[in-house]
Asker: 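There's a structure below that I have some questions on.
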Amino acid sequence: MTVRWGVGGTGGIAARFADAMSLVDGGRIVAVASRSLERAEAYADRFGVPRRYADYAALADDSEVDAVYVATPHSRHEADTLLFLGGGKHVLCEKPFALNSTQGQRMVTAAHDAGIFLMEAMWSRFLPAYRVLGDLLADRRIGDPLLVEADFGFRAPFDAAHRLFDPAQGGGALLDLGIYPLQLCDLVFGAPDRISADATLGATGVDENTAAVLHHPGGGLAVIKAAVRVAMACTARIAGTQGVIELPAFMHCPDQVRVTVERQTEVIDAPYVGDGMRFEIEEVHSCLARGVRESTVWPLRKTLELAATMDTIREQIGVRYPGEPENAAGPA
Ligand SMILES: NC(=O)c1ccc[n+]([C@@H]2O[C@H](COP(=O)([O-])OP(=O)(O)OC[C@H]3O[C@@H](n4cnc5c(N)ncnc54)[C@H](OP(=O)(O)O)[C@@H]3O)[C@@H](O)[C@H]2O)c1
């Protein structure tokens, strides 16, 4: 079975997706949609894509497409995902899945109602290093994990129109980068039961540098940071009752895992060739081949929990996107 992919959007991540697809068996990109025919043509010519559309609805109507990769800014994810699900396409949607958990729930409901596959492109979870990490935790190599420290950030030049800073595109450090430390907390502890967050908001009103402390049932604690105006180590450390696991930079896509128990450090290499997005694509192919409608590695329940955590953090730091109501417990 060859999965016939469409791509919605022609920006940076859409190009990486095409590179990753070239490394994977069982799928090929057969169509691309852009808001402009010129950009659709440029992408299609660059990556050898046969059909190119100047609007996203035409891609949703293409009966020769099985699955669509949503590669648009965060603020477009809900509308684009609903459009493609409505056209009967399976959907792999970039992270963050949606601006908020209310949007995310609508997307999940639409996929369930239609019996169609849907997954957030949380590529970290499918990387070899994260599989090693999962095994180490399951084997209790560091005993009971008690503390996670993780950060991800860099200094981007301020540009009010760029999607990192533009509220209309869901800008801010939390949704773009903080989501990675948060998914690590989820892997170690599950969903938090208490959150305390603060942030520096910039000229456009989005969070530029953000920090949060998360408490989890059972007592697990996490300290996470995300930034678009200051460079960070981009590492992670999981401390347990019997040892420590470290993910070197970049913590969302490391190629090794270090475990220290009783002062002995073991370095476990987990390299991969080419773009690491290939592993999430392989997961989609595997799910479709087995006829299952969601991934067990990164299920939609986890996506919605993560979205709810980010809702709570944004509520505390005072970041609201256009169209979201004031004083909402969870943005609508
Ligand atoms: N997994 C990862 O490592 C990773 C890395 C980077 C980004 N991402 C995610 O991928 C998504 C896209 O990021 P990107 O870096 O590719 O962004 P980008 O370079 O700005 O590209 C986004 C594309 O979306 C399309 N688009 C549709 N509606 C738009 C609108 N109203 N405003 C702007 N663009 C619009 C545009 O394509 P057309 O003009 O052709 O329609 C644009 O090229 C984000 O959600 C981001 O979080 C993930």
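Ligands are counted one by one from 1 in listed order, and the atoms in each one are counted from 1 as well.
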Asker: Is there a donor in the side chain of Tyr321 and an acceptor in the side chain of Gln169, or the other way round, less than 3.5 Å apart?
Answerer: no
Asker: State, without any angle test, whether Thr200 and Asn209 hold a side-chain donor-acceptor pair at a distance under 3.5 Å.
Answerer: no
Asker: The criterion is side chain to side chain contact (heavy atoms under 4.5 Å, CB included); which residues satisfy it with Ala42, sequence neighbours excluded?
Answerer: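 Once residues adjacent in sequence are excluded, Ala42 has no partner under the side chain to side chain contact (heavy atoms under 4.5 Å, CB included) criterion.
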Asker: Are the side chains of Leu201 and Val206 in touch, meaning some heavy atoms are under 4.5 Å apart?
Answerer: no
Asker: By the salt bridge (Lys or Arg N to Asp or Glu O under 4.0 Å) test, which pairs, at least two apart or in different chains, include something from residues 49-62?
Answerer: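 Matches after skipping sequence neighbours: Glu41-Arg52, Asp45-Arg52, Arg51-Asp62.
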Asker: With a 4.0 angstrom cut-off on heavy atoms, strictly below it, pick out the residues next to ligand 1 and order them by chain and number.
Answerer: Gly9, Thr10, Gly11, Gly12, Ile13, Arg16, Ser34, Arg35, Arg39, Tyr56, Ala71, Thr72, Pro73, His74, Arg76, His77, Glu94, Lys95, Pro96, Trp123, Arg163, Gln169, Asp176, Tyr180
Asker: Give the other cluster members for Met232, using side-chain heavy-atom distances under 4.5 Å between Ile, Leu, Val, Met, Phe, Trp and Tyr residues; answer none if it is isolated.
Answerer: Val230
